[in-house]
2 protein chains.
Amino acid sequence: MSDAEQTRQNILSVAADEIHQHGYKATSLSVILNRCEISKGALYHHFTSKMELGYAVFEEVYTPMFLGVWQSPLSVEDPIEGLCDFLTTMTEEMSCSEVVCGCPLNNLCEEMANVDEGFRLRILSMQEQLNQLIVEALEKVSENLRAELAFSQVGYFIVAALNGATSLSKSSRNKALFQQVIAELCLYIRALKK
Amino acid sequence: MSDAEQTRQNILSVAADEIHQHGYKATSLSVILNRCEISKGALYHHFTSKMELGYAVFEEVYTPMFLGVWQSPLSVEDPIEGLCDFLTTMTEEMSCSEVVCGCPLNNLCEEMANVDEGFRLRILSMQEQLNQLIVEALEKVSENLRAELAFSQVGYFIVAALNGATSLSKSSRNKALFQQVIAELCLYIRALKK
DNA sequence: ATAATAACCAACCGCTCGGTATGTTGCAAG
DNA sequence: CTTGCAACATACCGAGCGGTTGGTTATTAT
């Protein structure tokens, strides 16, 4: 990787971390510059504006990360159990600070969807892709599931409950509440089976 | 009501609206001043800082509103149906822009819980009160519910799903997704019955 | 070897923000 | 009648922000 590309990737990675921790608006370019030990000129050579940097973080960091994380648990033989295992393992392995930090996608959705159309459309697309993954997984084992289910609706419900769980744990600064909601979510998911 | 108290209430009401629409940080004092047609001196006569104004909005506007909204559907004979009716009626009656605007409590939780301890504790208290309302309602009809339920966990799950539903509708700018998640949530709630 | 361009730096700009200092008005008690 | 304080108004401050400008160094193509 060329030096320039290295610089760019470093900016993206640091920006992704800052945006995850403090949100897009509260992320200061000067902090990114300090952490990367570069000048403002360097940053503006690689990105035309803060907004473009935000979009790049979304597309080049968050999106591949997200698809990667969700694909594996849904690709197993029994996606219902795969999903539940994934959720419980995640709650167990995540540090308290990670839980409190929330999901990058949900954070950006709350912060930016009503403010910037570029972010909104990217978030929407990501959510639809994620929902599609769940729907396909459910369809794969539909013969083992209750008959009256609306898969897309179920998929969005699962995502909603998960996002709500992270939101709740932000006020309690505690994994306990998060774990409870995930536990209840797993009960719901397992009850999808016949 | 005295003129001064009138001014104070006006500030609170306008600030509550601005914070609901744009969040706490993005709410500019100058906008509040313009809408209220008062000077900065007037605002700082009634509130010592923007933070204190935010706390006052939470305690004097959001809290009573919230408790009022949730108490009625949970106080009826069958709180399960009361809750489902409440949720579906809400989705039907809320305008699209209201849905997209989100829940003030959840918005503040996402924005401020990780940033300011004063907000965090107030939000936490409000969520616990809300959960308590649900738990008490469930206990009231526990003989009609499935035996193995953990009421507190169920309460938080319901709140989480609801919050997640508003989050999802922010990216779609659409009531449809919100309605779907609420519909699935009602299926879950009704399935709490034996 | 040199010209051109990529990659980067330092200094500065305008703007908005929350907050403050000082001044003015009006009512109400003594 | 005046003294005093509540209830405002006006003007200003410093800080931090995203972004721009003009210049410098390093790399690459001819």
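Computed from heavy atoms alone, side chains included, the values below leave out hydrogens, waters and symmetry copies. Small disclaimer: the values here were computed from a predicted structure and weren't measured. The sequence lines fix the lettering, A, B, ..., with proteins before strands; numbering per chain opens at 1.
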Is the phosphate of dA7(C), meaning OP1 or OP2, less than 4.0 Å from a side-chain N or O of Thr7(A)?
-> no
Would you say the side chains of Ser2(B) and Gln6(B) form a donor-acceptor pair under 3.5 Å?
-> no
Under 4.0 Å: is that the gap between some side-chain N or O of His46(B) and OP1 or OP2 of dC8(D)?
-> yes
Rounded interatomic separation in angstrom, taking CD from Gln6(A) and C1' from dA26(D) = 17 Å
Taking the six-membered ring for Trp, are Phe86(A) and Trp70(A) parallel (under 30°), tilted (30 to 60°) or perpendicular (over 60°)?
-> perpendicular
Ranking dC8(C), dT20(D), dA9(D) by distance to the side chain of Ala42(B), first place goes to dA9(D)
Atom CG of Leu53(A) and atom C1' of dC17(D) are separated, to the nearest Å, by 15 Å
Choose from dG19(D), dC8(C), dA7(D) the nucleotide whose nearest atom is closest to any side-chain atom of Ala4(B).
-> dA7(D)
Kindly check if the number of other-residue, nucleotide or ligand heavy atoms within 6.0 Å of CD (Glu37(B)) is above 12?
-> no
Tyr62(B) and His20(B) aromatic ring geometry - parallel, tilted or perpendicular at 30°/60° bounds | perpendicular
Answer with yes or no whether the hydrophobic clustering places Leu187(B) together with Leu162(B); edges join I, L, V, M, F, W, Y residues whose side-chain heavy atoms lie under 4.5 Å apart.
-> no
To the nearest Å, give me how far apart CG (Leu43(A)) and P (dT20(D)) are.
-> 12 Å
Rounded to whole angstrom units, what separation is found between the CG atom of Asn34(B) and the P atom of dT16(C)?
-> 12 Å
Near-strand residues of residues 19-27 of chain B, defined as heavy-atom separation under 4.0 angstrom from DNA chain C | Thr27(B)
Within this structure, what is the CG-to-P distance between Asp3(A) and dA26(D), rounded to whole angstrom?
-> 12 Å
Tell me whether the OP1 or OP2 atom of dA7(D) has a side-chain N or O from His45(B) closer than 4.0 Å.
-> yes
With distance as the sole criterion, do the side chain of Lys50(B) and the base of dG19(C) form a donor-acceptor contact below 3.5 Å?
-> no
Rounded to the Å, how far apart are Lys40(A) NZ and dG23(D) C1'?
-> 18 Å
Salt bridge flag under 4.0 Å for residues Glu18(B) and Arg35(B) | yes
Can you check whether Ser30(A) has a side-chain N or O nearer than 4.0 Å to OP1 or OP2 of dC17(D)?
-> yes
Once you round it to whole Å, what is the distance between C1' of dC8(C) and OH of Tyr44(A)?
-> 15 Å
Is NZ or CZ of Lys50(A) both nearer than 6.0 Å to the six-membered ring centre of Tyr24(A) and within 45° of the ring axis?
-> yes
Proximal nucleotide (of dG19(C), dG18(D), dC8(D)) relative to the Ser49(B) side chain = dG19(C)
Just call it for Ile38(A): base, sugar-phosphate, or nothing, with non-hydrogen atoms closer than 4.0 Å on any strand.
-> sugar-phosphate
Measure from CZ on Arg8(B) to C1' on dC8(D) and round the result to the nearest Å.
-> 16 Å
Check step by step if salt bridge (charged side-chain N to carboxylate O under 4.0 Å, His left out) holds for Lys175(B) and Glu92(B).
-> CA-CA 9 Å; Lys175(B) 272 175 67 173; Glu92(B) 285 163 8; over 6 Å; no
Nearest-nucleotide pick for Ser28(B), side chain only, options being dG19(D), dG18(C), dC8(D) | dG18(C)
